[in-house]
Amino acid sequence: MSDGAPYGTAAAQSAAVAIRARTTAVAPVVGIVLGSGLGGLARRITNAVAIPFGEVPGFPQATVVGHAGQLICGLLGGRPVVALAGRFHIYEGHDAALAGFPVRVMHALGAPVLFVSNAAGGIRRSFRAGDLMLIRDHLNLMFRNPLTGAVETGDERFPDMSAPYDVALGDRIREHATALGIPLQEGVYCGLLGPTYETPAEVRMLAALGADALGMSTVPEVIVARALGMRVAGISCVTNLASGISPHALSHAEVIETTTLVAARFESLVERLIASL
Ligand code: HPA
């Protein structure tokens, strides 16, 4: 056991104490991670206390355009939540353990469920830019794991990953999507290191490996959540068709533009999910 790690259990508990001191919020029912361009959901949080990442002990500043870099406590759909607008990516030069650290903090605040979201490139041929995809499983092709090193208090050494995304929560998201008339794809998210987008040959390889969508985040957070026994649900926003499938070159501007178009659908779906937790 080790509690000396910079992004471990003890550090997460210190961060949680500092956050609790700034809010009157009760324990969150869910921790939410908002991906690139999807931070607008934070505006639906009422009684919100927003804390810049730089003021959370253990957090560095977020650096990517489209990421506000705030931890927000408040109510969503009438339920207490903690949300991250922005996240830490390994491609920024961060340790995998830091990419997963906010999940440790949300768990230390009492969240039993993690909801992750991301912008992703679509691989499956039936996908279109603007689709929402329920994440049913993932491929960790980042070749990094946030749990390497000494075992943190509360973690298992060899966490089971046979059910990384909670089936019942996924089914519930699908029911809400149907009720709201929101089309919802589902599939396997592939996490890559980045920061380059993929080559067409890489996308063909990833398709053969079973990936339906791909991106540069989420996997470290889900691994930490599962190590802590949190239930996980997630949605990818397919912001573009992947390299070689898309008729044009990829850009972060396109990614953000597409998220803007689907933000309302995404926000309604997530708010309804949270209200039902
Ligand atoms: N590849 C990797 N990450 C992404 C993509 C993509 O096509 N779109 C959004 N994030």
Side-chain angles (χ1 to χ4, degrees), residues 19 23-51 66-87 102-103 105-107 109-120 130-136 165-187 189 213 215 217-218 221-222 225 230-239 255-277:
I19 293 162
T23 75
T24 52
V26 294
V29 295
V30 61
I32 303 169
V33 183
L34 297 169
S36 289
L38 300 171
L41 183 67
R43 286 194 292 273
R44 297 198 185 202
I45 298 177
T46 57
N47 294 24
V49 175
I51 304 174
H67 287 252
Q70 289 185 328
L71 182 147
I72 302 143
C73 297
L75 296 174
L76 184 63
R79 313 303 314 277
V81 300
V82 54
L84 290 187
R87 52 156 53 104
V103 176
V105 175
M106 294 192 287
H107 181 259
L109 286 167
V113 173
L114 175 69
F115 177 85
V116 285
S117 64
N118 54 56
D131 280 351
L132 297 179
M133 184 192 88
L134 179 67
I135 306 174
R136 285 295 193 181
Y165 298 84
D166 191 88
V167 175
L169 281 177
D171 291 348
R172 195 187 294 194
I173 292 174
R174 173 157 297 296
E175 284 162 22
H176 290 314
T178 304
L180 291 168
I182 296 173
L184 186 64
Q185 305 279 8
E186 60 179 67
Y189 174 85
S217 67
T218 303
E221 296 149 2
V222 172
M230 297 171 82
R231 296 167 73 202
V232 178
I235 292 179
S236 290
C237 173
V238 177
T239 53
V255 167
I256 298 300
E257 202 179 302
T258 310
T259 53
T260 310
L261 296 176
V262 299
R265 268 187 282 166
F266 169 80
E267 291 171 18
S268 300
L269 182 53
V270 179
E271 186 169 8
R272 189 172 165 129
L273 168 71
I274 307 295
S276 77
L277 287 178

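Note that these values count all heavy atoms, side chains included, but never hydrogens, waters or copies made by symmetry. For this chain, numbers begin at 1 and follow the sequence in order. Because the structure is predicted, anything quoted here is derived from the model rather than measured.
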For [X], all residues meeting side chain to side chain donor-acceptor pair (under 3.5 Å), sequence neighbours excluded:
X	value
T239	none
R43	none
T218	R87, N118

Hey, could you give me each pair passing side chain to side chain donor-acceptor pair (under 3.5 Å) that has a residue in residues 268-277? Not counting sequence neighbours. R44-E271, R172-S276, H176-R272, H176-S276

For a 4.5 angstrom cut-off between non-hydrogen side-chain atoms, does I235 reach L38? no

Among all residues two or more places apart in sequence or in another chain, which pass the side-chain contact (heavy atoms from CB on, under 4.5 Å) test with [X]?
X	result
A225	V103, L114, M230, V232
P112	none
V26	P80
N47	L75

Return the set of residues passing salt bridge (Lys or Arg N to Asp or Glu O under 4.0 Å) with D131 (not counting sequence neighbours), or none when no residue passes. none

Sorted by first residue and then second, give each salt bridge (Lys or Arg N to Asp or Glu O under 4.0 Å) pair with at least one member in residues 24-37; sequence neighbours left out. none

Contacts of F266 meeting ring-ring contact (aromatic ring centres under 6.0 Å, His included) (sequence neighbours excluded), chain-then-number -> none

